[in-house]
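First the structure, in the form of C-alpha cells, and then the observations on it.
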2 protein chains.
Amino acid sequence: MNEIEVRRRATVHDVARAAGVSLATVDRVLNGRPGVRPATAQKVEAAVAELGFHRDLSASLLARARDLTLVFLIPGGSNEFMESLAEAVARRAVPARAERMHVEARRIPALDPQALADALDGLDARDWDCAVIVASEDEPVMAAVERAARRGIGVMTLVSDLPGSARRQFVGIDNVAAGRTAASLIGRFCPKGKIGVIAGSMHLRDHRERLEGFRAVLAKDFPGLMVLAPVEGHDETEETRERAAALIAGHPDLAGLYNLGAGNAGLVAALDASHRAGGIRVVAHELTAPTRAGLKSGAIDVVLDQNPDGEIRAAIAAARALALGGAGPADAEPIEIGIFLRDNLR
Amino acid sequence: MNEIEVRRRATVHDVARAAGVSLATVDRVLNGRPGVRPATAQKVEAAVAELGFHRDLSASLLARARDLTLVFLIPGGSNEFMESLAEAVARRAVPARAERMHVEARRIPALDPQALADALDGLDARDWDCAVIVASEDEPVMAAVERAARRGIGVMTLVSDLPGSARRQFVGIDNVAAGRTAASLIGRFCPKGKIGVIAGSMHLRDHRERLEGFRAVLAKDFPGLMVLAPVEGHDETEETRERAAALIAGHPDLAGLYNLGAGNAGLVAALDASHRAGGIRVVAHELTAPTRAGLKSGAIDVVLDQNPDGEIRAAIAAARALALGGAGPADAEPIEIGIFLRDNLR
DNA sequence: GCACTCATGAGGTACGTACCTCAAATCGGC
DNA sequence: GCCGATTTGAGGTACGTACCTCATGAGTGC
C-alpha cells in the first residue's frame, strides 16, 4: 500500500541472521532462558535494537498456550468509585478475552498497606503476567512491588501512583491538575468565605496531589478565600458524613466544600441534613450513584471524574504494550479529567 | 485460573465437528467463499452461534499475510479539528501496527459530498478492510457507502453520523447532549440578551444535532434569552470571522455566542477586533490551537471537546471488532464530551 | 443412466513465536 | 591437550486461522 507496508516487520529469524546466531539462541535471550554467554546475549540485543525488532504479540500469545493474564487489586469498602473500577474490569473482561487476555479484579481491604503487600506477594509469576494496584504510599507496598517485579510480574499503578518504586507504568489522571481545576471552579463560585476540604487519607498520593493543586490555585488566584485544614474521612461513607457535618456545623460562614476523596454518599447526607445544601458550593470527585444524585438535587455543583472504563481500558492496553516491548515504559496517553455539571451527566 | 480460563475457546475445528462438516466448509462459510449450499451454510452458522465461536483475530491476522487495513477519509480545509484528527491517526499508526493493523489518513475536500463519494468508490476492497468517514448527509455519500459495503468494505462514521445508511458503526459524541450542555452553560452565564449561533453547515448532522439540543434547553430553561437565527461559516476561518463580526456588530445587546462548528480562529479574531471580547460569553467546540488561545485570552469561556485521540482509538478498536465478529454493530462505548475552561486545559 | 456441474472432504503449507530435544561445538581449568 | 561443563545449533511440533489443491461425493438435466 505504501513504503511502510512493503517493508516487512523484522522477525526472530531476521534477528538470528543479523546477530549471526541460531534461532534457539535468540529465543533464549528474548525469553530470558538460561545458558547464553553475556557476550552472545549482547550480540542478539544489538541485532534486536538495530532491526527495531518487536515481538509479534499475536503470534506470541498464539504460541504460548496461555493468555496474557492481568489482575487488578482493587480496594474494597464502601468506596463507590472502587466498585465501579471493579465493574469496569468485569465489563472489559469479555472483549479482552478476544485479544487473548485474561483480566480479573480482586477486592482487598482498603487503606491497608499490609493487605495489599500480601496480595501482591501471593501472586504466582507462572499464573500472572501483570498486576495493577491502587497504591498507597507505604513501605510494605513499595517492597512488595519490588519483589513482584523481581519475580517477573509487571506491576502498574492505577488512580494513585507510586513513583520511585519498581512499578512499570501509572494509569490515571493528573491529580495536581484536578485539584487546580477544583480550586478554579470553587474560586469562581465563591466570592469569599471559608473553604472546607475533606480527604480520604494523606497516605494516598492522589489525595495529597489534589490538595496541593487546590491550595496552590486558591492561594494564588483567590486570596479572599480561606482554606480550612483538611480532615480525613478515610473514603468511608459514615466517617465522611461525620467529618462533613462537623465542618458545616462548625463554620456558619462555610462557602465551599471540596471532597477530594470518596464517601460522597456521606457528604450528600450531611449537606441535606444541614439544610444548607445549595448554599454551599460543593466540588467532589468521581461520577458515581451518590455524586449523580448530589448533582441532580443541587447538593453538589461539580464532579471531577476519571472515567473508570477508560482507565481500565488504558491499563489493559498498557499491559499489552509491556508484554510486547519488555522494555521501557510505554507512553500511555494521559486519562482526561471529566467535568460534570447537572446538565452534562452521561 | 478459574472456570472461564479452563474452558477452551471454541476453534474452527470445534465448529466443523459440531456442524458435522469439514474444516474446508467451515472456512468457506466463515470467509464468504463460494461453493456452499445454503442449507450447509446454515448448519455451520448454527454451530457458530451455539458454540459462541469467535474467530481468533490474532491467529487470523497471522494467517493472512496482510494486516487489517483501515483508511480514514478526513475533510481538509482550514478546519483545525480535522487536522488534529489526521494527526491522531498518524500517532496511532505506530501502536496499531503492533496489533497488525495498517491505518492511514487521507484528506479530501471538505463539505464536498461528491469528493467523499469518489474517494469511497476509489477504494479497492482487496486493499482496504474498512473505511472511516466524516459524513455529510447527502445522497451521493449514502449511495457510495452502500456501494462500498456491497464490495465488502466496512464503513464507519466518525464525528458526524449517517443513520439509515450501510455504515456499520458510529464513533463520536452525543451531539444533542453537547448542544444541551452549551445551552446550560450559556444560560447560567447570561441572565438575558441575545444569543448568536454560528454553524458550519446544516448538511452536517452533528451540527444540526447540536443546534437542536441547544435550542431545546434554552427554550425550556432560559426563556429570557433570545436565540438568533444560525449563520453558516462553513468551518472556514475567514468566513467564520465575517459571520461572527457581522453578528457582533449587528447586535449591541449580544450576550452570548455559540459556535457549534469550526473556524474558531476567525471567531476569536472577530471578538478581539470588536473590543467586546470578555463581554460576550462564548462557547465553542474542539480544543485546538485557536480555542486554546481563546480560552487563555478570555475571548472564549468554555470549549466543548471530543478527544480526537480517543475517537481514533475507538474507531480502530471498532474496526477490529468488526473484522472479528463480522456481524452486528459492536457496542462501542460512547465518546465523552470534554468541558474545558481556562483552568483545566490539558 | 450418462455426462456434467457443483458441493464437500481430506490434507497440505504458511504465518511468527514458544518451547522442546538432542547433538555438536566451545569453553575453562589443569 | 584432555576432561567435564557449559553454550550453541539444528530441527521439530504446536498454537488457530487462511488459503490452496485435488479427489470424491452428490446432485442436475437430458
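Letters go in sequence order (proteins before strands), and every chain restarts at 1.
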Closest to the 5' end of DNA chain D, once B:Ala59 and B:Asp27 are matched to their nearest nucleotides, is B:Ala59
Between CZ of A:Arg66 and C1' of D:dG16 the distance, given in whole Å, is 18 Å
A:Asn31 and A:Arg64 side chains, donor-acceptor separation under 3.5 Å: no
Q. So A:Cys130 and A:Ile153, side chain to side chain contact (heavy atoms under 4.5 Å, CB included) or not? Walk me through it.
A. CA-CA 5 Å; A:Cys130 194; A:Ile153 298 179; 5.5 Å; no
DNA chain C nearest-nucleotide lookup for B:Thr40 and A:Ser58: closer to the 5′ end is B:Thr40
_Less than 3.5 Å apart, any donor N or O on the side chain of A:Asn307 or B:Glu336 sitting next to an acceptor on the other?_
yes
Whole-Å distance, B:Leu62 CG to C:dT13 P, equals 17 Å
Of A:Leu23 and B:Ser22, the one whose closest nucleotide on DNA chain C sits nearer the 5' end is B:Ser22
In whole angstroms, the gap separating P of D:dT17 from CG of B:Leu68 amounts to 16 Å
Testing C:dA10, C:dA18, C:dA14 for proximity to the side chain of B:Ala24, the answer is C:dA10
Rounded to whole Å, CG of A:Leu61 lies from P of C:dT17 at a distance of 12 Å
The single option from B:Val29, B:Leu30, B:Val48, B:Leu23 that satisfies side-chain contact (heavy atoms from CB on, under 4.5 Å) with B:Val15 is B:Val48
A:Arg17 CZ to C:dG16 C1', in whole Å, measures 13 Å
note: A:Arg100, atom CZ; D:dC15, atom P; distance rounded to Å ~ 11 Å
Note to self: Between A:Arg55 and C:dA18, is there a contact of a side-chain N or O with OP1 or OP2 at under 4.0 Å?
What the structure shows: yes
When rounded to whole Å, the CZ to C1' distance for the pair B:Arg37 and D:dG25 reads 10 Å
**Prompt:** Within less than 4.0 Å of OP1 or OP2 of C:dA7, is there a side-chain N or O belonging to B:Arg28?
**Reply:** no
Q) Within the structure, does a side-chain N or O atom of B:Thr25 lie under 4.0 Å from either OP1 or OP2 of C:dT8? A) no
Separation of C:dT17 atom C1' from A:Arg33 atom CZ, nearest Å, is 10 Å
Closest non-hydrogen atoms of B:Ala93 and B:Val103, given as atom of the first, atom of the second and distance, are CA-CG2, 3.5 Å
